[in-house]
Student: 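My structure is below; once you've seen it, I'll send some questions.
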Amino acid sequence: MSIKNNRDKDVFQITNIRDGLGRTVKNYFEEICPFASVQDRSNLFDKLYYRYFYICQPIALSDEEFIEFKRLMMTVYDQESNMLYTLDHTDADIIETYLIDYKLNNSDYRFIDTLLNDNIPKSWYQEEILINSNIFMVNLKLIGELWINGNISGNSLIELLNQPEFDAVKFDVIEILNKYGLNINDLIDISRESIENIYLNIDKNRANMQGANQTVLYDPNRGHWEVFEDSIEHFFEETITGDNGFYARNPLLDVKDGAVCAIDFGTKSTVVAIRDQEERLVRIGTGDYYSEVRATDYENPTTIYFDDFLNFINVYEARVGRPFTLWKDLKISHEAEQRFYNDITNEDNFYATFNELKQWANDPLRYQIIRDRKGKEFKLVPYEKLVSDNNFDPIELYAYYLGLYINNMNNGIYLNYVLSFPVNYGKEVQDRLLNSFTKGLKKSLPSSILSNDEVMGDFEVYAGASEPAAYAITALEEYSLEPSNKDEVAYGVFDFGGGTTDYDFGIERKPSDGKRKFELTQFGKGGDPYLGGENLLQLMAYKVYCENKLEMLKNRIPIVLPQKASRIPGFEVLVMDHDIATKEAYSNMRVLMHLLRPIWEEAKGAEEEFNEESKVVRLFSSDTSDMKGIDITLIINIDDLKSLLKEHISIGVQNFINQMHAVFKKKDLKTYPIHIFLAGNSCKSTILQEIFIDSLVKSIKEFITTHDEHPDVEELELYKLYPPLGIQFDISSIKKLFHDDDLTILNQLLVDSTNLEESDRDIPSDQKRTGKTGVVFGLLRSRKGGKDVRIINENMTDINEIKFPFYLGVEGDNRMFKTVISIDVPYNTWAPFDWADEKKFELYYTVDNRALYDNTLPISETSLKVCKIDKADINEDHKIFIRKVGVNIIEYVVADIDFNGDTTNLHVYSNVIIG
């Protein structure tokens, strides 16, 4: 800006205050009138001003901007009140003040530029955002407000920022714009309304959550977290951005003191519940809060879908808290699953979907190639190698999205999280999962919360009860079985989920010390890692493949070989193991699973539909790579599929009953009945229920016949069987499957949950306990500080690790597994295994509880590890001794048969991994 005379010649550029010789404006004018007194110079100014001087408007400034700039020139700071005041700012006032007096009438007033080299009072500096441009302080916030409100055009603002004097200002503006994916030229198009939309739709774009209501920004009692975060990052005021600006809200106001969040991280779906004043479930990935609630909304698929991973991860790492990631780049839960199933035969969908997070976490050898929809491939290393290989962690990303749905302006901010784990997850895997969830959940918190050490001192993610134990806590409460006084209640949980089946056994009692309401002691566990709803669907799909093998062979249709399935002779090329299977083999498996799912889930009308003569389905040949598919006509026999299900489920149920007998016998149980709870979505299967009831009836009848006193059946209560929470047994239909002689036993065994179901009708859907959601409600009751249910886990050993899960053995008679070292042998205890008369020996291992009994488990259904010994150790008179050192790690040594455990001078073969 310049002051010009009537010949349009620059007198002085005000923005420079001092010229190259160090002269101020006052010095300059005094040199023009060197001999005039101060009074004369003032009089001279009064006479000459209107005729000779005016302030020229720069091209870069509009009329309104020019007026605003002159106002800023006459803005002063009052040292006494710590306030800013604007004086009269006509051209005459400005020139007289700067050229003649260069001082103010009030001695406490200071020009802004005189404060530049002084200590600006903190109270004033926090009130305004001022950026130094040469010697002037430019109020960026005020200019921004004027631009947003339309008082300054975008073009004018760009021209102003392109002036060299405003380089520092321009840098800050660009930094702010880049945060929202904008550039300097976008200033032309952005309006107050568009910035309002950015704030209101941040969570919509970030996590597919319902956008905030407009009143959030304009209600002084509400305000927006992101406005507050911007105020901290760019030194804006904490409450508003101006009279016409947006209200900010400090996230600290929304921290839920004493509240806790429970997460049941499941194989197929994940459930989240929060507890503040009440306990309720949280919808994940279904962000439309105005839509009608469905029961499935609370069972959130454990699935990630990758659209543009590089863009996502770059944005994810750019901000410490609540980064501006985009749902369109990476999504989870319902929409991720829907994207896959909407086009299940699409090759791009196949590689962009990852829905086996939990299986990957517990597999030390699993590598995975993921290709996002942009075509970028990246390698996922085994979970235990993430730190060393510096690879991305999909479980952290999944936890981040869970956190966004937990921590938001609707729910508030939660600092305490309790997680459940399967009974067979080792301590190392549990710790890794806790670390992944810690990082992901922290990432969902606002940066201002993360930087608050006092608040974050209360942040904690910890392991609670195991999944089946947490369910037992809920079931005992819901079925009014919790003990009183000195009573004890024995329980068993059969948790039949999507990927695995877990068993848990224990007793709940009232603690004598009164420190908790209840005390739950776990002293037995087990399960089957391959008995789950999704695994059974794979077996069904493979069964259909085998029954149509000629058609498959003719069209060269490949498929993945499921666990516990046998190969078809002559199909060595088409039936593939998991680690070498092609995309065609995986796609065919998924297509067939999708086709048969209604049968497994017993959808209404499914059997009638499949009882047609044939089904036509599109599968993929190994002869082509275009994934166009071939229509294959399949013959599907429903009875054969049911027989398959019964075969595998029967084994799992019998294993449960055998282990239940073993652990309670060892515990010398005096309290009956044992309350058996069916849990998990797969327990809805009527096939499972019928098999379970039939097996328990046989067990009771065996008990009666093997006791000389022949107890009275009507008074005998060995077991009580409970349906999954949320459903009932069809008792009338079940009784039709049994002889009349068994009805008395059935009446004692089966629990009618009709009354419970009727009482639950008025309970809100987000508070209902079911066979799936019961786990998170049990977790909440076992939370730290709740003084509710204390868990005593006798399944943990003295080295703070779960009991070794594998039976170790050899091939016995009739190609059956023979247990040599039981799961009861503790860690770090040497146990004899086999003779050291060859340089190799075969070590078979299994978690199958049929290994408790000889000649019940085929060797083909176990796993094999071939171990070697040095030539110097081969000795027909020596034995191989094994000891357990980790949840899936053993050591062995060759020693004399009288070996006492001293390994001095012996070769210890260490770090042998099984499983």
Student: Test of understanding: with side-chain contact (heavy atoms from CB on, under 4.5 Å), list the residues that count as partners of Thr267, not counting sequence neighbours.
Tutor: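 Only Lys358, Gln359 meet the side-chain contact (heavy atoms from CB on, under 4.5 Å) criterion with Thr267.
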
Student: Once rounded to the nearest 0.5 Å, what's the spacing between atom CG of Leu357 and atom CG of Asn362?
Tutor: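 So the gap between those two atoms works out to 13.0 Å.
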
Student: Who are the side-chain hydrogen bond (donor to acceptor under 3.5 Å, both in side chains) partners of Gln654, not counting sequence neighbours?
Tutor: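 Gln654: side-chain hydrogen bond (donor to acceptor under 3.5 Å, both in side chains) contacts with Asn658.
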
Student: Mind checking whether Phe677 and Leu481 have side chains closer than 4.5 Å, heavy atoms only?
Tutor: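 Yes, side chains in contact.
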
Student: Less than 3.5 Å apart, any donor N or O on the side chain of Arg206 or Asn408 sitting next to an acceptor on the other?
Tutor: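 No, no side-chain donor-acceptor contact under 3.5 Å.
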
Student: Which residue pairs pass the ring-ring contact (aromatic ring centres under 6.0 Å, His included) test when at least one of the two sits in residues 412-431, sequence neighbours left out?
Tutor: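 The answer is Tyr417-Phe459.
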
Student: Is the closest side-chain donor-acceptor distance between Asp528 and Thr501 under 3.5 Å?
Tutor: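 Looking only at side-chain atoms, Thr501 and Asp528 do not form any donor-acceptor pair under 3.5 Å.
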
Student: Output yes when Glu279 and Arg769 qualify as a salt bridge under the 4.0 Å nitrogen-oxygen rule, no when they do not.
Tutor: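 Judged by the 4.0 Å cut-off on N to carboxylate O distance, Glu279 and Arg769 do form a salt bridge.
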
Student: Quick check, are the ring centers of Tyr722 and Tyr479 under 6.0 angstrom apart?
Tutor: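 Yes.
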
Student: Between the side chains of Asp297 and Arg283, is the shortest nitrogen-to-carboxylate-oxygen separation below 4.0 Å, so that they form an ion pair?
Tutor: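 Yes, charged N to carboxylate O under 4.0 Å.
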
Student: Run the side-chain hydrogen bond (donor to acceptor under 3.5 Å, both in side chains) test against Glu861 and tell me which residues pass, sequence neighbours left out.
Tutor: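 By the side-chain hydrogen bond (donor to acceptor under 3.5 Å, both in side chains) rule, Glu861 matches Arg850.
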
Student: Apply salt bridge (charged side-chain N to carboxylate O under 4.0 Å, His left out) to residues Glu299 and Lys268 and explain how you reach the verdict.
Tutor: CA-CA 9 Å; Glu299 297 179 18; Lys268 187 172 185 293; over 6 Å; no

Student: Any side-chain heavy atom of Glu482 within less than 4.5 Å of one from Glu508?
Tutor: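 They are in side-chain contact.
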
Student: Answer with yes or no whether the side chains of Ser269 and Thr302 bring together a donor and an acceptor at under 3.5 Å.
Tutor: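 The answer is no; no qualifying pair exists.
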
Student: Any Lys/Arg nitrogen of Glu609 or Lys615 sitting under 4.0 Å from an Asp/Glu carboxylate oxygen of the other?
Tutor: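 Between Lys615 and Glu609 there is a salt bridge, with a charged N closer than 4.0 Å to a carboxylate O.
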
Student: So, Asp393 versus Ser436: side-chain donor-acceptor pair below 3.5 Å or not?
Tutor: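 Asp393 vs Ser436: donor-acceptor pair found between side chains.
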
Student: Taking all atoms of both residues into account, what is the closest heavy-atom pair of Leu441 and Asn407, and its distance?
Tutor: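 Where Leu441 meets Asn407 most closely, the heavy atoms are O-ND2, 4.5 Å.
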
Student: Indicate whether any N or O donor in one side chain lies under 3.5 Å from an N or O acceptor in the other, for Glu337 and Asn355.
Tutor: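 Per modelled atom types, Glu337 and Asn355 side chains form no pair under 3.5 Å.
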
Student: Are the aromatic rings of Tyr491 and Phe505 close, with centres under 6.0 Å apart?
Tutor: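 Ring-ring flag for Tyr491/Phe505: false, centres at least 6.0 Å apart.
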
Student: Where is the tightest heavy-atom contact between Asp502 and Glu467, given as atom of each residue plus distance?
Tutor: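 Where Asp502 meets Glu467 most closely, the heavy atoms are OD2-OE1, 3.9 Å.
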
Student: Classify the side-chain pair Glu396/Tyr316 by whether it contains a donor and acceptor separated by less than 3.5 Å.
Tutor: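 A donor-acceptor contact under 3.5 Å links the two side chains.
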
Student: Within the structure provided, determine whether Leu641 and Leu596 are in side-chain contact (heavy-atom separation under 4.5 Å).
Tutor: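 Side chain of Leu641 against side chain of Leu596, heavy atoms only: contact under 4.5 Å found.
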
Student: May I ask you to test the Leu419-Val461 pair for a side-chain heavy-atom distance under 4.5 Å?
Tutor: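 Side chain of Leu419 against side chain of Val461, heavy atoms only: contact under 4.5 Å found.
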
Student: Would you sort out whether Ser420 and Asp264 count as a side-chain hydrogen bond (donor to acceptor under 3.5 Å, both in side chains), showing the intermediate values?
Tutor: CA-CA 5 Å; Ser420 63; Asp264 174 21; 3.2 Å; yes

Student: If you define the side chain from C-beta out and look only at heavy atoms, does anything of Val887 sit under 4.5 Å from Lys427?
Tutor: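 No, every pair of side-chain atoms sits at 4.5 Å or beyond.
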
Student: For Leu531 and His648, which heavy atoms make the closest approach, and how far apart are they?
Tutor: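 Heavy-atom minimum between the residues: CD1-O, 4.0 Å.
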
Student: Taking all atoms of both residues into account, what is the closest heavy-atom pair of Pro562 and Met589, and its distance?
Tutor: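 In terms of heavy atoms, the two residues are closest at CG-CE, 3.9 Å.
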
Student: Are any non-hydrogen side-chain atoms of Val282 and Ile284 less than 4.5 angstrom apart?
Tutor: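 Counting from C-beta outward, Val282 and Ile284 do come under 4.5 Å.
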
Student: In terms of side-chain geometry, is the basic nitrogen of Glu335 or Lys328 positioned less than 4.0 Å from the acidic oxygen of its partner?
Tutor: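 No, no charged N to carboxylate O under 4.0 Å.
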
Student: For a quick test of reading the model, state the closest non-hydrogen atom pair linking Pro382 to Leu365 and the distance between them.
Tutor: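 The pair with the smallest heavy-atom distance is CG-C, 4.0 Å.
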
Student: Quick one, Asn411 with Arg280, criterion side-chain hydrogen bond (donor to acceptor under 3.5 Å, both in side chains). Give me CA distance, side-chain angles, the key distance, then yes/no.
Tutor: CA-CA 11 Å; Asn411 292 333; Arg280 62 182 179 87; 2.8 Å; yes

Student: Inspect the contact between Asp329 and Arg373 and indicate whether a charged nitrogen and a carboxylate oxygen are less than 4.0 angstrom apart.
Tutor: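 Judged by the 4.0 Å cut-off on N to carboxylate O distance, Arg373 and Asp329 do not form a salt bridge.
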
Student: Any salt bridge between Arg339 and Asp307, counting N to O under 4.0 Å?
Tutor: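 Judged by the 4.0 Å cut-off on N to carboxylate O distance, Arg339 and Asp307 do form a salt bridge.
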
Student: How far apart are the C-alpha atoms of Arg366 and Tyr383, what are their side-chain angles, what is the distance that settles it, and do they pass the side-chain hydrogen bond (donor to acceptor under 3.5 Å, both in side chains) test?
Tutor: CA-CA 8 Å; Arg366 179 161 182 175; Tyr383 195 33; over 6 Å; no

Student: If you take the centroid of each ring, where Trp contributes its six-membered ring, are Phe350 and Phe340 closer together than 6.0 Å?
Tutor: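 Ring centres of Phe350 and Phe340 not closer than 6.0 Å.
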
Student: Show, in sequence, the C-alpha distance, side-chain angles and deciding distance for Asn655 and Asp848, and conclude whether the side-chain hydrogen bond (donor to acceptor under 3.5 Å, both in side chains) test is met.
Tutor: CA-CA 7 Å; Asn655 283 343; Asp848 195 317; 2.7 Å; yes

Student: What side-chain donor-acceptor pairs closer than 3.5 Å can you find for residues 532-541, not counting sequence neighbours?
Tutor:
from: Glu534; atom 1: OE1; to: Arg597; atom 2: NH2; distance (Å): 3.0
from: Glu534; atom 1: OE2; to: Arg597; atom 2: NH1; distance (Å): 3.0

Student: Partners of Ile369 by side-chain contact (heavy atoms from CB on, under 4.5 Å), sequence neighbours excluded?
Tutor: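 Expected list: Glu377, Lys379.
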
Student: Considering only heavy atoms from C-beta outward, does the side chain of Tyr305 approach that of Leu330 to under 4.5 Å?
Tutor: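 Result no, sub-4.5 Å side-chain heavy-atom pair not found.
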
Student: Measure the spacing between CG of Leu402 and SG of Cys261 and express it to the nearest 0.5 Å.
Tutor: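 Reported to 0.5 Å precision, the distance equals 8.5 Å.
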
Student: Is it the case that the ring center of Phe692 lies less than 6.0 angstrom away from the ring center of Phe494?
Tutor: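 Under 6.0 Å, so yes.
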
Student: Under 3.5 Å, is there a donor-acceptor pair between the Tyr471 and Lys772 side chains?
Tutor: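 Checked: Tyr471/Lys772 side chains show no N/O donor-acceptor pair below 3.5 Å.
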
Student: Any salt bridge linking Glu477 with Arg781? Criterion: basic side-chain nitrogen under 4.0 Å from a carboxylate oxygen.
Tutor: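 Yes, Glu477 and Arg781 are salt-bridged.
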
Student: Tell me, with the steps shown, if Phe265 and Ile395 meet side chain to side chain contact (heavy atoms under 4.5 Å, CB included).
Tutor: CA-CA 10 Å; Phe265 180 51; Ile395 294 177; 4.3 Å; yes

Student: Side chains of Thr773 and Thr770: do they bring a donor and an acceptor to under 3.5 Å?
Tutor: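 A donor-acceptor contact under 3.5 Å links the two side chains.
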
Student: So which atom in Leu595 and which in Pro598 form the shortest heavy-atom distance, rounded to 0.1 Å?
Tutor: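 In terms of heavy atoms, the two residues are closest at O-CD, 3.3 Å.
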
Student: When you compare the side chain of Leu688 with that of Ser682, does any pair of heavy atoms fall below 4.5 Å?
Tutor: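 In short, these two side chains do not touch, never coming nearer than 4.5 Å.
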
Student: Decide yes or no on salt bridge (charged side-chain N to carboxylate O under 4.0 Å, His left out) for Glu460 and Lys784, but give the supporting numbers first.
Tutor: CA-CA 10 Å; Glu460 185 178 16; Lys784 288 183 178 180; 2.6 Å; yes

